[in-house]
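Order of appearance sets the numbers: ligands from 1, and atoms from 1 within every ligand.
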Amino acid sequence: MNAYKAARLPIHRGPAAWNAILGAQDAPCLLDEDRTADVVIIGAGFAGLSAARRITQLEPALRVVVLDASRIAEGASGRNSGFMIDLPHELTSDDYAGAGTATDRDVIALNRQAIAFARSAVEDYGIDRNFFDECGKINGAAGEHAHRHNLSYANHLAGLGEAHEMLDGKQMQAITGSSHYLAGLYTPGTVMLQPAGYIRGLAAGLRKSGVAIFENAPATGFERTGNAWRVTTPRGSIGTERIVLANNGHLESFGIERGRLMQIFLYASMTEELVVDALARLGGNPRWGITPSDPMGTTMRRIDAGQGGNRIVTRTCAAMRPGLAASESDVARFAKVHERKFAQRFPQLAGVRQQFSWAGHLCLTLNGVSVMREIDGGVFSACVQNGLGTARGTLTGIGAAELALGKQGDITRHFGSQPRPNRLPPQPFAAIGANAWMRYKEWRAADE
Ligand SMILES: Cc1cc2nc3c(=O)[nH]c(=O)nc-3n(C[C@H](O)[C@H](O)[C@H](O)COP(=O)(O)OP(=O)(O)OC[C@H]3O[C@@H](n4cnc5c(N)ncnc54)[C@H](O)[C@@H]3O)c2cc1C
């Protein structure tokens with residue numbers, strides 16, 4: 001095709017709390033002229049910024065421009081739960097186990113490449129270590145059924161030779177301050193991010209190494225002009241030979257993979273800062289992260305002053321929104337569920353307010369594949385992370401950058417061998433079906 005127009009641009013509902021708690025950023029760099037670049041990257045999340053870093057590593061002399069429709073870390077990169085997971089974490093399975101031992105080994109090796117890449121960025125750019133905490137995570141189980149998921153997952157990990165440790169209810173209470181959990185499964189390889197802090201640090205480091213990052217600069221379209229492309233934004237444009245699309249589900253807004261991407265919103269809330277008295281009532285460790293043993297359960301996280309304040313984050317509820325926007329009423333409705341889940345786990349914190357509630361966008365495919373390939377001559381995609389974008393977005397970003405520079409490696413081979421996303425049933429049936437399925441799974445996950 002010769003021209004792609006953005007039918008939709010991102011709409012955010014509720015604040016990106018991780019970004020908000022870090023305080024204001026410097027004024028944005030605005031694109032208000034026509035210019036040229038060697039590579040233009042659309043989207044400044046995990047994928048886009050990783051792509052930019054990979055290009056600077058491979059060919060430092062190239063002129064790289066990144067465009068984001070919003071401010072840095074206002075998109076899903078500042079709205080997620082911050083678990084950068086090394087192990088298989090298959091959200092559609094009952095216990096996160098992946099497709100089989102050989103595939104899982106490959107996935108683990110790739111996820112660890114993503115973590116190593118992020119670690120090297122933290123070192124090179126002097127990103128605050130509190131934003132990249134290599135402390136591992138726990139799969140929490142509130143009931144016997146979920147505990148059995150954990151045992152089955154532990155068994156799978158033993159088969160893979162991966163370190164893990166079962167925790168009993170007492171140990172869980174000592175860590176979290178909550179008596180809600182019957183047991184847990186600790187795995188040491190997950191990095192707990194302050195996601196907005198990490199993304200801001202990545203952007204700042206890239207700027208220092210010469211990458212131009214423009215914010216509030218939505219790409220409204222791109223079209224071929226001779227051998228090159230021109231990317232347009234409302235106030236300026238950029239001529240380039242190569243484009244990396246790192247705009248996740250908004251790939252579809254350019255008409256690409258239409259009818260094949262599941263546009264999902266997840267919802268979360270973060271408490272106000274816990275005062276000394278509340279902290280004493282809470283007990284437990286100052287930092288921990290718990291994913292639910294049942295993938296449709298509730299993720300909980302405790303952070304501390306180094307990460308933006310002593311707070312607890314509750315993430316649960318999901319909805320498919322093919323129009324690519326959550327509504328204010330979705331956020332309000334699901335915030336009530338967060339309050340209930342929080343109260344159930346921390347009755348000793350009655351009266352603590354949820355300061356922030358928000359929706360965040362992620363993109364899944366029915367067959368669990370990403371879209372990382374050359375879409376058109378000189379246009380590469382680093383999109384679709386299937387809910388695991390901190391690691392997988394890092395990988396698709398690296399891979400798309402390598403493809404754009406004509407390089408091959410483990411990452412390009414992995415994603416290059418994936419099939420296209422399966423077609424979804426037509427709308428509105430796909431959304432009705434997916435939402436009913438998610439409500440059922442959430443209901444079944446009950447207290448998890
Ligand atoms: C509540 C919640 C919890 C989550 N928890 C986790 C977790 O613990 N671990 C994990 O791995 N993942 C988690 N995720 C998923 C994770 O956040 C995403 O997979 C990840 O952010 C995807 O990274 P990305 O760079 O591909 O896309 P995004 O982070 O969505 O970045 C894409 C960027 O593209 C920009 N953009 C879109 N269209 C345009 C345009 N036309 N022009 C310019 N810019 C554009 C957007 O503004 C955005 O900044 C969670 C998501 C949510 C919502």
Problem set entry | Contact atoms of ligand 1, heavy-atom distance to Leu67 under 4.0 Å |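 Those atoms are 43 (C), 44 (N).
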For this session: With heavy atoms of Gly82 as the reference, note each atom of ligand 1 found under 4.0 Å away.
Result: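 Counting from 1, the qualifying ligand atoms are 7 (C), 8 (O).
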Exercise. Regarding Arg315 and the six-membered ring of Phe83, is the cationic atom NZ or CZ under 6.0 Å from the ring centre and inside 45° of its axis?
Worked result: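 Output no; distance or angle outside limits.
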Exercise. Taking atom CZ of Arg258 as the centre, does the number of heavy atoms from other residues, nucleotides or ligands within less than 6.0 Å exceed 12?
Worked result: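 Not buried by this count: 12 neighbours or fewer within 6.0 Å.
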Nearest option to [atom], as decided by whichever heavy atom of [options] sits closest:
atom	options	answer
atom 13 (C) of ligand 1	Ser81, Ala391, Gly387	Gly387
atom 38 (N) of ligand 1	Leu49, Ile264, Asn247	Asn247
atom 7 (C) of ligand 1	Phe83, Tyr4, Phe265	Phe83
atom 2 (C) of ligand 1	His12, Arg79, Arg71, Met192	Arg79

Exercise. Is there any N or O on Phe46 that sits under 3.5 Å from an N or O of ligand 1?
Worked result: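 Yes - when backbone and side-chain N and O of Phe46 are compared with those of ligand 1, one distance drops under 3.5 Å.
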Exercise. When only distance counts, is Ala219 in polar contact with ligand 1, meaning an N/O pair under 3.5 Å?
Worked result: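 Yes, since at least one N or O of Ala219 sits under 3.5 Å from an N or O of ligand 1.
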Exercise. Does any donor atom in the side chain of Thr187 or Glu162 lie under 3.5 Å from an acceptor atom in the other side chain?
Worked result: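 Checked: Thr187/Glu162 side chains show no N/O donor-acceptor pair below 3.5 Å.
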Aromatic plane relationship, [Y] with [X] - under 30° parallel, 30 to 60° tilted, over 60° perpendicular:
X	Y	value
Phe346	Phe342	tilted
Trp229	Phe222	perpendicular
Tyr267	Phe334	tilted

To which protein heavy atom is [atom] closest, and what is the distance rounded to 0.1 Å?
atom	value
atom 30 (O) of ligand 1	Ala76 CB, 3.6 Å
atom 32 (C) of ligand 1	Ala246 O, 3.5 Å
atom 47 (O) of ligand 1	Asp68 OD1, 2.8 Å

